[in-house]
Amino acid sequence: PRVSVFQNGVSSARPRGSSIALYDLERVEVLKGPQGTLFGRSAQIGAVHVITRRPDYELGGYLGAEFGNFDQQRYDAAINIPLIEDKLAIRFAGQYERRNGFIDNPIERDLNGTDTLSLRGSLRFEPTE
């Protein structure tokens with residue numbers, strides 16, 4: 001039995017689910033107990049449901065930066081653009097994270113470093129009569 005990880009209702013396999021980039025989130029739901037009704041057989045003892053922020057009909061966005069030890073750098077950004085009032089909107093979000101490794105490796109660069117770029121685009125369309 002396992003706790004399954006879902007992003008916007010889509011299952012993330014165990015190895016990938018534990019390493020998804022978390023940015024521009026609306027909410028995270030932690031569901032205890034069997035979740036077969038909501039997520040199927042793979043959520044036998046519980047589920048973690050990560051829900052990303054969706055486009056809305058207001059112009060906006062944000063920029064963020066974090067810095068840490070081992071030359072860690074993390075940058076987050078998102079922009080929300082309404083294209084047609086109350087009918088069509090688009091949202092772009094991204095994250096870049098870099099950190100030097102901290103396990104000495106005499107042959108090559110140090111181990112356990114990261115250099116990751118994540119991008120996401122979302123489109124919201126509400127048809128009318």
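Note that the structure is a prediction, hence the values are computed from the model and not measured. Scope of the values below: all heavy atoms of this structure, side chains included, with no hydrogens, waters or symmetry mates.
By the side chain to side chain donor-acceptor pair (under 3.5 Å) test, R124 is found to be paired with E126, residues two or more places apart in sequence or in another chain being considered. Contacts of F92 classified as ring pair (Phe, Tyr, Trp, His ring centres under 6.0 Å), with partners at least two apart in sequence or in another chain: none. Judged as a ring pair (Phe, Tyr, Trp, His ring centres under 6.0 Å), and not counting sequence neighbours, the contacts of Y75 are F67. Residues passing the side chain to side chain donor-acceptor pair (under 3.5 Å) test with Y23, sequence neighbours excluded: none. For L119, the side chain to side chain contact (heavy atoms under 4.5 Å, CB included) criterion is met by L117, not counting sequence neighbours. Residues that satisfy the side chain to side chain contact (heavy atoms under 4.5 Å, CB included) test with L59, not counting sequence neighbours, are I81, P82. Evaluation of the salt bridge (charged side-chain N to carboxylate O under 4.0 Å, His left out) rule for E58 yields no partner, not counting sequence neighbours.
For residues 90-103, every residue pair satisfying the salt bridge (charged side-chain N to carboxylate O under 4.0 Å, His left out) rule, not counting sequence neighbours, is listed here: D24-R91, D71-R98. Residue pairs satisfying the salt bridge (charged side-chain N to carboxylate O under 4.0 Å, His left out) criterion with at least one member in residues 75-90, sequence neighbours excluded, are listed as follows: R74-D76.
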Enumerate donor-acceptor pairs with a distance under 3.5 Å from any side-chain N or O in residues 46-55 to protein atoms, sequence neighbours excluded.
| unit_1 | atom_1 | unit_2 | atom_2 | d |
| --- | --- | --- | --- | --- |
| H49 | ND1 | E29 | OE1 | 3.1 |
| H49 | NE2 | G9 | N | 2.9 |
| T52 | OG1 | N8 | OD1 | 3.4 |
| T52 | OG1 | N8 | ND2 | 2.9 |

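I84 and I79 fall within a single hydrophobic cluster, where Ile, Leu, Val, Met, Phe, Trp and Tyr side chains are chained together by heavy-atom contacts under 4.5 Å.
Nearest heavy atom pair, residue L88 against residue Y57, reads N-CE2, 3.6 Å.
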